[in-house]
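Every number for a ligand or one of its atoms is a count from 1 in the order of the listing.
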Amino acid sequence: MSIVVLGSTNIDIFTYLRRLPKPGETIHGDSYAITLGGKGANQAVAAARLGARVDLVGRTGADTFGALARESLASHGVRLGALHEDPANPTGIATISVDETAENCITVIGGANMAIGAEDVERLAPLEAEAKVLLLQLEVPLAASLSAAGRFRDAGGLAVLDPAPAPEHGFDAQVWKTVDAMTPNETETEALVGIRPSDTASAARAAAAMVERGLRIAIVKMGATGVYFRSPEGEGFVDAFPVKAIDTVAAGDCFNGGLAFALSRGDTLPDAVRFAAACGALATTRRGAAEAAPQLAEVEALLAGK
Ligand code: ADP
């Protein structure tokens with residue numbers, strides 16, 4: 001089970017306060033938390049916690065937040081040899097203010113993540129021989145992700161793009177053909193093909209629209225509703241696992257980490273989607289992003305109906 005993630009590494013700064021401030025206003029909040037974040041880092045941690053060998057290709061700044069991010073990634077078992085320390089840019093951050101109704105306000109500063117380019121894609125080369133799956137998202141420059149996907153597929157691997165956060169202007173024609181699979185949630189699906197998936201029929205229409213654009217494998221994530229998938233071998237729907245969801249942050253990232261884990265060990269697509277749905281479901285039962293990702297034994301227990 002060898003996986004490469006090319007993507008973002010952030011430090012997330014959460015502030016918890018009764019209500020969100022208005023422009024020009026100063027508010028005293030209740031508490032704060034500083035955690036590892038970024039979709040690249042989250043997906044890498046999710047796969048590593050399941051027991052996969054995971055390399056994260058990306059960038060942090062040469063600063064305190066960069067050191068913190070590295071320490072956290074390493075503590076979850078993510079390999080850092082291809083995570084470049086960029087002397088010219090700061091580590092990416094997100095500041096997230098959450099009020100007592102769970103409404104939030106988020107500012108993301110991409111920093112070093114936005115400097116990811118050809119040099120970083122080169123760092124994939126030594127990893128290509130072993131890795132079976134490459135995970136990509138949209139928090140780093142798209143050109144770098146596409147170029148990574150192209151070379152990874154040439155080396156015989158499978159490139160999975162999570163089109164998150166939703167692209168404002170959809171995708172150019174070539175993007176659909178440059179990756180093997182995409183895993184949009186409801187909002188991202190609507191942004192990409194103009195169909196809001198809410199049940200099996202609408203998800204099937206959305207998946208068909210993606211395949212028509214040249215995509216080989218479409219996986220439509222619909223939260224507590226379930227997952228629809230379509231590939232040249234067939235299509236199907238996987239029900240969401242019934243769990244007591246308390247926090248859906250990073251459920252999608254845990255889904256993708258689980259999908260990569262299962263595909264890299266040779267599961268069929270339907271089995272891998274079911275495994276990933278179990279990972280996403282378990283992630284909703286605890287708070288946080290990376291640290292909410294389940295261990296393999298928990299996923300196996302859920303799959304076995306225990
Ligand atoms: P995202 O986090 O990208 O918005 P989703 O909300 O669709 O994506 O969650 C990803 C996956 O996690 C879902 O497809 C599903 O498998 C699982 N999941 C999310 N929310 C729930 C839930 N409330 N109950 C069970 N499974 C869930």
Task: Atom pair CE (M182) and CZ (F171), whose distance is rounded to the nearest 0.5 Å - done: 5.0 Å
TODO: Please report which non-hydrogen protein atom sits nearest to atom 4 (O) of ligand 1, along with the residue it belongs to and the distance in Å to one decimal place.
DONE: N185 ND2, 2.8 Å
Open item on the list: Using a 3.5 Å cut-off on N or O atoms only, is A250 in polar contact with ligand 1?
Closed with: no
Task: Hydrophobic cluster membership, W176 vs L146, 4.5 Å side-chain cutoff - done: yes
Open item on the list: Please list, in number order, the atoms of ligand 1 under 4.0 Å from a heavy atom of F241.
Closed with: 24 (N), 25 (C)
Task: T284 neighbourhood, listing ligand 1 atoms whose heavy-atom distance to it stays under 4.0 Å - done: 19 (C), 20 (N), 21 (C)
- [ ] List the closest protein heavy-atom neighbour of atom 9 (O) of ligand 1: residue, atom name, distance to the nearest 0.1 Å.
- [x] A251 CB, 3.7 Å
TODO: Would you check if L259 and I219 make a side-chain contact, meaning some heavy-atom pair closer than 4.5 Å?
DONE: yes
Task: Where ligand 1 meets A245 - atom numbers and elements under 4.0 angstrom, heavy-atom basis - done: 23 (N)
TODO: Using heavy-atom distances, let me know which of P184, A240, G223, P165 sits nearest atom 5 (P) of ligand 1.
DONE: G223
- [ ] Specify the protein heavy atom at minimum distance from atom 11 (C) of ligand 1: its residue, its atom name, and the distance to 0.1 Å.
- [x] F255 CD1, 3.9 Å
Open item on the list: Below 4.0 Å, non-hydrogen atoms only: which portion of E188 touches ligand 1? Side chain, backbone, both or neither.
Closed with: neither
Open item on the list: Judged on heavy-atom distance to atom 16 (O) of ligand 1, which of A277, G280, A278 sits nearest?
Closed with: A277
Open item on the list: Does any part of the side chain of L303, heavy atoms only, come nearer than 4.5 Å to the side chain of F241, both counted from C-beta?
Closed with: yes
Task: Residue R18 excluded, over 12 heavy atoms near CZ under 6.0 Å - done: no
Open item on the list: Centre-to-centre under 6.0 Å for F261 and F275, is that the case here?
Closed with: yes
Task: ligand 1 contact on V243 by region, counting heavy-atom pairs under 4.0 Å - done: side chain
- [ ] Report the C-alpha separation of T95 and I93 in whole Å, then their side-chain angles, then the decisive distance to 0.1 Å, and conclude whether the side chain to side chain contact (heavy atoms under 4.5 Å, CB included) test is met.
- [x] CA-CA 7 Å; T95 60; I93 61 163; 4.1 Å; yes
Task: A224, portion touching ligand 1 at heavy-atom distance under 4.0 Å - done: both
- [ ] Distance to 0.1 Å, residue and atom name: give those for the protein heavy atom nearest to atom 2 (O) of ligand 1.
- [x] G252 N, 2.9 Å
- [ ] Would you check if the side chain of S202 reaches a backbone N or O of P197 as a donor-acceptor pair within less than 3.5 Å?
- [x] no
TODO: Number the atoms of ligand 1 from 1 as they appear, then name those within less than 4.0 Å of a heavy atom of V227, with their elements.
DONE: 14 (O), 16 (O)
TODO: Taking all heavy atoms of L50 and all of G258, pick out the closest pair and write down the distance.
DONE: CD1-CA, 3.7 Å
